[in-house]
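Below: the structure, in structure tokens.
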Amino acid sequence: MSSERACMLCGVVQTTNEFNREGCPNCQGIFEEAGVSAMECTSPSFEGLVGMCKPTKSWVAKWLSVDMNIPGMYAIKVDGRLPAEVVELLPHYKPRDGSQVE
């Protein structure tokens with residue numbers, strides 16, 4: 001069984017222990033502002049992986065909307081829904097599971 005999880009907001013993939021210990025390296029400030037934990041905003045169910053060494057120079061990073069994030073491994077699609085407290089803070093939120101915001 002895999003212990004990797006993906007952030008439902010940015011798609012970064014880390015181990016469960018890394019998310020528990022440090023939170024999401026890209027989104028932790030938003031999660032703290034919303035009053036939710038990083039574990040509530042991650043999912044063990046995701047598809048595809050893309051390695052980003054230089055996100056600011058990558059067309060794939062731009063396509064995934066992670067071109068301003070840290071280098072790392074990113075999921076193409078992440079299953080799950082962010083808590084409403086987080087979504088309320090993000091006027092231009094686009095779900096990473098392929099659905100649309102209602």
Side-chain angles (χ1 to χ4, degrees):
M1 186 164 158
S2 176
S3 69
E4 285 82 25
R5 299 179 70 87
C7 175
M8 288 187 268
L9 184 53
C10 72
V12 72
V13 176
Q14 299 186 132
T15 65
T16 300
N17 286 340
E18 287 173 311
F19 277 118
N20 273 327
R21 203 172 44 247
E22 301 154 17
C24 177
N26 298 308
C27 308
Q28 195 57 36
I30 295 167
F31 300 158
E32 289 172 3
E33 185 178 343
V36 299
S37 73
M39 291 305 291
E40 293 176 84
C41 301
T42 64
S43 172
S45 178
F46 57 89
E47 297 175 22
L49 279 177
V50 175
M52 299 291 168
C53 297
K54 295 180 181 176
T56 58
K57 299 187 184 288
S58 168
W59 70 266
V60 175
K62 188 171 183 172
W63 175 68
L64 289 173
S65 301
V66 296
D67 51 318
M68 295 303 177
N69 294 352
I70 66 159
M73 297 298 287
Y74 287 83
I76 303 282
K77 180 181 173 193
V78 183
D79 296 326
R81 292 288 184 161
L82 280 171
E85 299 89 346
V86 175
V87 176
E88 289 170 5
L89 295 174
L90 307 168
H92 302 290
Y93 170 64
K94 180 180 173 190
R96 292 207 170 268
D97 66 358
S99 66
Q100 298 296 319
V101 177
E102 297 172 4

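The first residue of the sequence shown is numbered 1, and numbering continues consecutively from there.
Judged purely by atom type and a 3.5 angstrom limit, N26 uses its side chain to pair as donor or acceptor with the backbone of I70. Of the possible polar contacts, one joining the Q28 side chain to the C24 backbone as a donor-acceptor pair under 3.5 Å is found.
Minimum heavy-atom separation, V36 to C41: CG2-SG, 3.6 Å. Among all heavy-atom pairs drawn from Q14 and P25, the shortest one is OE1-CD, 3.6 Å. Here the shortest heavy-atom pairing between P55 and A61 reads O-CB, 3.3 Å. Of all heavy-atom pairs between M39 and F19, the closest is SD-CB, 3.8 Å. Contact between C10 and N69 at its shortest, heavy atoms only, is CB-ND2, 3.5 Å.
Residues that satisfy the side chain to side chain contact (heavy atoms under 4.5 Å, CB included) test with S65, not counting sequence neighbours, are R96. Remark: E40 pairs with S37 by the side-chain hydrogen bond (donor to acceptor under 3.5 Å, both in side chains) rule, at least two apart or across chains.
Under a hydrophobic clustering in which Ile, Leu, Val, Met, Phe, Trp and Tyr are joined whenever their side-chain heavy atoms come within less than 4.5 Å, directly or via other members, W63 and V13 fall into different clusters. By the criterion of side-chain heavy atoms lying less than 4.5 angstrom apart, applied directly or through intervening Ile, Leu, Val, Met, Phe, Trp or Tyr residues, I76 is grouped together with W59 in one hydrophobic cluster. Follow the hydrophobic side-chain contacts under 4.5 Å out from L90 and you never reach V66; the two are in separate clusters. A chain of hydrophobic side-chain contacts below 4.5 Å, direct or via other Ile, Leu, Val, Met, Phe, Trp or Tyr residues, connects V78 to V86.
Counted by atom type alone, S99 and D97 present one or more donor-acceptor pairs between their side chains at under 3.5 Å.
For residues 41-52, the set of pairs meeting the side chain to side chain donor-acceptor pair (under 3.5 Å) definition, not counting sequence neighbours, comprises R5-T42, S45-D79.
Side-chain contact between P71 and C53: absent, with no pair of heavy atoms (C-beta onward) separated by less than 4.5 Å. Proximity of M52 to D67: side-chain heavy atoms (C-beta onward) are nowhere separated by under 4.5 Å. Y93 is listed as a side-chain neighbour of L82, based on a closest heavy-atom distance under 4.5 Å. Within the 4.5 Å cutoff, the side chain of N17 has no heavy atoms near those of the S3 side chain.
Remark: I30 CD1 to E33 CD distance equals 8.0 Å, nearest 0.5 Å. The CG atom of L9 sits 5.0 Å away from atom CZ of F31, with the distance rounded to the nearest 0.5 Å. Atom CG of L49 is separated from atom OH of Y74 by 12.0 Å, given to the nearest 0.5 angstrom. Atoms OG1 and CZ, from T15 and R21 in turn, are 6.0 Å apart once rounded to the nearest 0.5 Å.
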